[in-house]
Engineer: 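Following this message is one structure expressed as structure tokens.
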Amino acid sequence: MSGDDELSSAIELIGVARQAYAGDKTALGVLEALEQRLTDPLRLAIAGIVKAGKSTLLNGILGEQIAPTDAGECTKVVTWYRYSQTPSITVHPSGRPAQRLPIRRTKGALVIDLGEMSADDVERIDVWWPAPALKSLILIDTPGIASISQDISARSLSFLTPEDAPSEADAIVYLLRHLHPSDLGFLAAFRDTAVGASQSVNAVAVLSRADEIGSGRIDSLLSASKVALRYERDGELASLALGVIPVAGLLAEGARTLRETEFNALRELANLDRQTRERLLVSADRFVRPVEG
Ligand SMILES: Nc1nc2c(ncn2[C@@H]2O[C@H](COP(=O)(O)OP(=O)(O)O)[C@@H](O)[C@H]2O)c(=O)[nH]1
Ligand SMILES: [Mg+2]
């Protein structure tokens, strides 16, 4: 049976169940959610510890700065990015009606301002956006796992690996920096709660911020490939993730959102003689320090 056939027979089965449970509001609600899930694009969650570069990578994939990065209150909330021709942002506070937020940008990046609300009061944020990549993929940005803040970690875990239901995500991209036992623990929990558990592995691991590996030297991406390969061959990780891919999300985001002035600055940098350029690129401080003499 092909995937499409399986899908239509599953949808048909939901139709039959709907008739059988015609008077039961709760059951009908569950069936509707199931049908929605079958017809929606794949739900891909991006997970990993705080500051692993999750939101930056999401922006790299979308080619726009839509996911807020760093530490604001909204980055502690599970945020869904779905396709729509007209952009909108909806906040779902726990136990209260949903609320629309205005669309505002600062320096090209979308701002999601929760105002008076704290992340604890918010169940999820929905961002509807006309990014072509979202036509075939729902992306879900999650707060950090195993972070210093237990609360934030708990919020991601209960969403991605609930105890009494299948995970809301179909698959995950899991960002790690140094392989830690808690990374393996999370991936094992996801495997056990994923839809169709134990039949398939629905996770890809990413060795993130690859440009910083090996003290950020010029060959850092090559070093990152070697480290990724080592992790990939690690006995436990090999059975929990389809592979380990080294990624510099910031580079991807920068490249996909490059403006003309930035492109010109890069060209100027490339035209400098090698010694001068390398001296400038040692650190951000060195780059902005005025030339002496
Ligand atoms: N050098 C470097 N910095 C990155 C990279 N990806 C993200 N960052 C930086 O790491 C910080 C945290 O990134 P963010 O995407 O908010 O991480 P999150 O907490 O996992 O969502 C930000 O200051 C980013 O600019 C990367 O590939 N390379
Ligand atoms: Mg984030």
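Ligands are counted one by one from 1 in listed order, and the atoms in each one are counted from 1 as well. Position 1 is the first residue of the sequence; numbering continues from there. These numbers were taken from a predicted model, which means no experiment stands behind them. No hydrogens, no waters, no symmetry mates; every other heavy atom, side chains included, goes into these values.
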Engineer: Regarding Gln65 and Asn59, do their side chains bring together a donor and an acceptor under 3.5 Å, going by distance alone?
Structural biologist: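 No, because no side-chain N or O of Gln65 sits under 3.5 Å from a partner of the opposite role on Asn59.
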Engineer: Does the side-chain hydrogen bond (donor to acceptor under 3.5 Å, both in side chains) test come out yes or no for Asp141 and Tyr81, once each step is laid out?
Structural biologist: CA-CA 8 Å; Asp141 196 7; Tyr81 294 86; 4.7 Å; no
Engineer: I need the nearest protein heavy-atom contact for atom 28 (N) of ligand 1: residue, atom name and distance, please.
Structural biologist: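 Answer for atom 28 (N) of ligand 1: Asp211 OD1, 2.7 Å.
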Engineer: How far is atom 25 (O) of ligand 1 from its nearest protein heavy atom, and which residue and atom name does that atom have?
Structural biologist: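 Nearest neighbour among protein heavy atoms for atom 25 (O) of ligand 1, to 0.1 Å: Leu250 CD1, 3.7 Å.
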Engineer: Between Ile125 and Cys74, does a side-chain contact (heavy atoms from CB on, under 4.5 Å) hold up when you go through it step by step?
Structural biologist: CA-CA 8 Å; Ile125 300 171; Cys74 64; 4.2 Å; yes
Engineer: Quick one: does Ile49 get a heavy atom under 4.0 Å from ligand 1?
Structural biologist: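 Ile49: in contact with ligand 1 (<4.0 Å).
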Engineer: Just to confirm my output: which protein heavy-atom neighbour is closest to atom 7 (C) of ligand 1, and how far is it?
Structural biologist: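 Here the nearest protein heavy atom works out to Thr56 OG1, 3.4 Å.
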Engineer: Using a 4.0 Å cutoff against the non-hydrogen atoms of Lys51, which atoms of ligand 1 qualify?
Structural biologist: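 With Lys51 as reference, the close atoms of ligand 1 come out as 12 (C), 17 (O), 18 (P), 19 (O), 20 (O).
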Engineer: Quick check on Gly48 - does any of its heavy atoms sit under 4.0 Å from an atom of ligand 1?
Structural biologist: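 Under 4.0 Å: no for Gly48.
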Engineer: Check whether any N or O atom of Val50, backbone or side chain, sits under 3.5 Å from an N or O atom of ligand 1, and answer yes or no.
Structural biologist: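 No; the residue has no nitrogen or oxygen that sits under 3.5 Å from a nitrogen or oxygen of the ligand.
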Engineer: If only side-chain N and O atoms count, and only distance matters, is there a donor-acceptor pair under 3.5 Å linking Asp273 with Thr276?
Structural biologist: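 Indeed, the side chains of Thr276 and Asp273 share at least one donor-acceptor pair under 3.5 Å.
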Engineer: Distance under 4.0 Å to a non-hydrogen atom of Gly53: what atoms of ligand 1 satisfy this?
Structural biologist: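 That gives atoms 6 (N), 7 (C), 13 (O), 14 (P), 15 (O), 17 (O), 18 (P), 20 (O) of ligand 1.
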Engineer: If you measure from each heavy atom of Gly249 to ligand 1, is any distance below 4.0 Å?
Structural biologist: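 The answer is yes: ligand 1 sits under 4.0 Å from a heavy atom of Gly249.
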Engineer: Heavy-atom pairs closer than 4.0 Å: do any link ligand 1 to the side chain of Arg209, the backbone, both, or neither?
Structural biologist: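 Contact part for Arg209 vs ligand 1: both backbone and side chain.
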Engineer: Keeping Asp192 on the side-chain end and Ala189 on the backbone end, is there a donor-acceptor pair under 3.5 Å?
Structural biologist: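 No, Asp192 side chain to Ala189 backbone: no donor-acceptor pair under 3.5 Å.
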Engineer: Only heavy atoms count here, so choose which of Asp70, Leu251, Val247, Leu58 is nearest to atom 23 (O) of ligand 1.
Structural biologist: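 Comparing heavy atoms across Asp70, Leu251, Val247, Leu58, the nearest one to atom 23 (O) of ligand 1 lies in Asp70.
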Engineer: For the atom pair CZ (Arg191) and OG (Ser167), what is the distance rounded to the nearest 0.5 Å?
Structural biologist: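 One gets 14.0 Å once the value is rounded to the nearest 0.5 Å.
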Engineer: Using distance alone, with no hydrogens and no angle criterion, decide if Gln85 and Trp128 have a side-chain donor and acceptor under 3.5 Å apart.
Structural biologist: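 There is no such pair (donor and acceptor under 3.5 Å, judged by atom type) between the side chains of Gln85 and Trp128.
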Engineer: How many angstroms lie between CD in Glu212 and CG in Leu250, if you round to the nearest 0.5 Å?
Structural biologist: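 Output value for this atom pair is 8.5 Å.
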Engineer: With a cut-off of 2.8 Å, does any N, O or S atom of Thr142 fall short of it relative to the Mg ion (ligand 2)?
Structural biologist: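 Of the N, O and S atoms in Thr142, none lies under 2.8 Å from the Mg ion (ligand 2), which means no.
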Engineer: Go through ligand 1 atom by atom and flag the ones less than 4.0 Å from a non-hydrogen atom of Ser55.
Structural biologist: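 So the answer, numbered in order with elements, is 15 (O), 21 (O).
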Engineer: Does the pair Asp70/Lys51 count as a salt bridge with the N-to-O cut at 4.0 Å?
Structural biologist: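 Yes, Asp70 and Lys51 are salt-bridged.
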Engineer: When only distance counts, is Glu212 in polar contact with ligand 1, meaning an N/O pair under 3.5 Å?
Structural biologist: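 Yes - when backbone and side-chain N and O of Glu212 are compared with those of ligand 1, one distance drops under 3.5 Å.
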